[in-house]
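Worth knowing before you read on, the calculation uses all heavy atoms, side chains too, and leaves out hydrogens, waters and symmetry mates. Letters A, B, ... mirror the listed sequences (proteins, then strands); counts begin at 1.
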Amino acid sequence: VNIKGAARTTWNWLDDRLGVRTVMDFLKHKPIPRNRHTPWMYTGSLILVFFGIQVLTGIMLAFYYRPTLEEANKSVGEIMTKVPLGWIIRSVHSWSATFMIAVVFIHLLGIWVLKSYRKPREMTWMSGVLLLVFTLAFGFTGYLLPWDALSLAATKVGTDIPRSIPVIGAWGTKFLRGGEDISGDTLSRFFSFHVSVLPLCLLAALALHVYLIQKLGMSLPVGADEEAEARRAIPFWPNFVYREAILWLALVGALVTIAVFLPPTLGKAADLMAPAPEGIKPEWYFLFLFQMLKIFPAKILFMTGDTVAVLLILLAAVLFFFLPLIDNKPAERKGKIITILAFLLVVYAVAMSVWSLQTPSKPEADKIVPAPQNIRESAAIYVFLGGIWLSVAVLTYLLRLKIKETDRLLEVGYFSSDKR
Amino acid sequence: LYPVLKFVFPPEREPEQVLLPLADYGSLEAGAIKNFVWGSKPGMLKKTAGGELIAFVSVCTHLDCNVAYLPEQKKFFCACHEGWYDENGVNIGGPPPKPLRRLIVITEGENLVIKPEGAA
């Protein structure tokens with residue numbers, strides 16, 4: 001009879017023990033600045049959404065995937081052809097990785113251009129760089145798991161790169177491969193990195209990152225009028241979260257749609273003795289490094305070209321990590337050179353990637369191209385996509401109502417501390 | 001820590017030698033190539049125009065991709081970063097810093113014995 005009362009009692013019981021209200025109170029009073037840089041602030045939670053999708057679909061794929069030389073390629077093939085809707089799950093996992101990494105780059109660019117890494121947020125930046133490294137490592141290790149010719153060649157190159165580092169490099173290669181060469185041991189090692197080592201590392205860095213963001217609050221743009229910003233700001237919960245949720249929904253809709261229409265294919269099982277296939281390329285986010293390794297000449301002074309290239313990349317990575325200590329000007333200085341540098345880096349990466357795409361890839365014969373198996377399944381997929389977009393539309397409409405409502409409440413001072 | 005490191009870095013296993021039956025591999029035509037397995041790497045046996053048998057580890061010296069032999073051009077090609085080697089395995093184009101690794105070929109009775117250089 002008294003459901004409301006029971007719910008309230010349960011809520012209070014939980015709140016006494018978990019302190020939910022303290023957290024919510026904190027989030028209600030966490031100001032999100034509203035200015036022309038606010039769009040950058042949507043990127044962080046978006047990364048988390050895609051990461052969540054990766055965890056979910058990744059666990060599902062692991063139900064059927066078998067990380068051995070004989071079975072890896074076969075089991076991915078089975079996921080794509082035999083497991084009900086397996087091809088969509090694999091496709092979502094692959095596309096969500098692309099979406100996640102794309103948003104990571106945008107997030108990074110935003111922080112860089114806004115100089116949000118300056119005092120006191122140096123460690124937030126550094127933990128973010130670690131997150132970037134782990135994210136790219138996820139992409140790299142995941143690429144091998146389907147075990148086709150492309151993924152083998154990419155992994156051969158990728159794991160050989162450390163060898164170019166003088167003195168310790170050979171150990172790095174051996175560690176990654178589980179031996180001198182790629183073998184079944186490499187595959188199980190990469191699987192273990194991908195599903196247990198990297199998730200632990202990433203979650204640890206993420207915890208630090210998110211903690212620091214809460215502790216330090218959102219940064220204001222260079223030269224902002226603090227009082228005016230404080231007046232304009234909206235609370236994270238609920239006003240900002242409702243706004244974010246619209247973007248989450250739209251992009252998840254886009255993700256599923258793309259995943260259905262452009263699923264990744266699967267080549268034949270890799271042959272350790274076969275020559276590398278012509279026109280091979282890594283995933284798009286490694287293209288600029290790939291092109292750099294390609295154009296460096298065999299010898300530069302007394303070193304080999306690849307050693308020079310790898311040392312340059314390492315140097316860039318170290319400088320990148322320590323950027324907040326290099327650009328340690330007071331927060332109100334503009335830092336135009338740093339902005340120009342970011343712009344140049346983007347131009348460089350895009351130009352190298354486009355250049356690398358000039359070599360045509362040779363389409364592989366005998367690959368598995370997933371698709372709905374019959375009319376019934378394809379009809380069901382259209383209904384499913386329609387349903388997804390319909391719910392996105394309805395939820396967006398409802399969220400907009402909530403935004404209006406909460407903004408009005410904010411205006412009349414309902415959320416201000418004296419009303420607590 | 002030592003046992004952990006021992007565990008994580010397994011020992012290297014390069015074959016001391018590989019035996020190839022002369023019946024299968026001896027009858028190569030001049031300029032032709034035959035593949036064999038050198039431990040965990042691919043190898044190639046080639047008969048030169050002069051009739052001599054030479055062997056390579058057919059792995060690119062740039063970043064470890066397996067190379068292909070293109071008979072029309074008489075060159076070895078690595079598709080990963082477009083590296084080129086001439087018919088004797090000498091690097092002639094692209095990023096490879098060194099020639100392909102040569103192996104020694106000795107005829108012993110019914111077999112060809114392939115050994116690493118310096119082991120003979």
Task: Part of A/S356 lying under 4.5 Å from any heavy atom of chain B - done: neither
Task: Least distance between heavy atoms, B/F9 atom then A/K174 atom - done: CD2-CB, 4.1 Å
Task: Over 12 foreign heavy atoms within 6.0 Å of CH2, A/W171 - done: no
TODO: Please determine, among A/K281, A/R177, A/K299, the option with the most heavy-atom pairs under 4.5 Å with chain B.
DONE: A/R177
Open item on the list: If you apply the rule side-chain contact (heavy atoms from CB on, under 4.5 Å), what do you find for B/C65 with A/V157, and how did you get there?
Closed with: CA-CA 7 Å; B/C65 285; A/V157 171; 3.3 Å; yes
TODO: Determine whether B/N35 and A/M273 make a side-chain contact, defined as any pair of heavy atoms from C-beta on separated by less than 4.5 Å.
DONE: no
Task: Under 4.5 Å from a heavy atom of chain B, the part of A/P282 involved - done: neither
Task: Atom CD1 of A/I168: over 12 foreign heavy atoms under 6.0 Å - done: no
Open item on the list: Would B/K41 and A/D181 count as a side-chain contact (heavy atoms from CB on, under 4.5 Å) here? Give the steps.
Closed with: CA-CA 7 Å; B/K41 293 179 165 73; A/D181 287 290; 2.9 Å; yes
Open item on the list: Please classify the contact between A/L293 and chain B as side chain, backbone, both or neither, with a heavy-atom cut-off of under 4.5 Å.
Closed with: both
Open item on the list: Does any backbone or side-chain atom of B/V67 lie under 4.5 Å from a heavy atom of chain A? Answer side chain, backbone, both or neither.
Closed with: backbone
TODO: Please check if atom CD in A/Q358 has more than 12 non-hydrogen atoms from other residues, nucleotides or ligands closer than 6.0 Å.
DONE: yes
Task: Residues B/L63, A/D306; criterion side-chain contact (heavy atoms from CB on, under 4.5 Å); working and verdict - done: CA-CA 8 Å; B/L63 288 172; A/D306 50 317; 4.2 Å; yes
Open item on the list: Minimum heavy-atom separation for A/T304 and B/P97, please, with both atom names.
Closed with: CG2-CB, 3.5 Å
- [ ] Against chain B, label A/F175 side chain, backbone, both or neither, depending on which of its atoms sit under 4.5 Å from a heavy atom there.
- [x] both
Task: Residue pair B/A79 / A/E278: nearest heavy atoms and the distance that separates them - done: CB-CA, 3.7 Å
Task: Interchain contact, A/I182 with chain B, by part (heavy-atom threshold 4.5 Å) - done: neither
Task: Rounded distance [0.5 Å steps], OG1 in A/T173 versus CG in B/D64 - done: 8.0 Å
Task: Heavy-atom pair count under 4.5 Å with chain B, highest-scoring of A/A298, A/G305, A/S183 - done: A/A298
- [ ] Would you mind checking which part of A/A274 comes under 4.5 Å of any heavy atom in chain B, side chain (CB onward), backbone (N, CA, C, O), both or neither?
- [x] backbone
- [ ] Name the region of B/P95, side chain, backbone, both or neither, that has any atom closer than 4.5 Å to a heavy atom of chain A.
- [x] both
Open item on the list: With a 4.5 angstrom heavy-atom cut-off, is it the side chain or the backbone of B/F77 that approaches chain A, or both, or neither?
Closed with: side chain
- [ ] Using modelled atom types only, decide if a donor and an acceptor are shared between the side chain of A/K294 and the backbone of B/H81 within a distance under 3.5 Å.
- [x] no
Task: For B/C80 against A/F290, the heavy-atom pair lying closest together - done: O-CE1, 3.2 Å
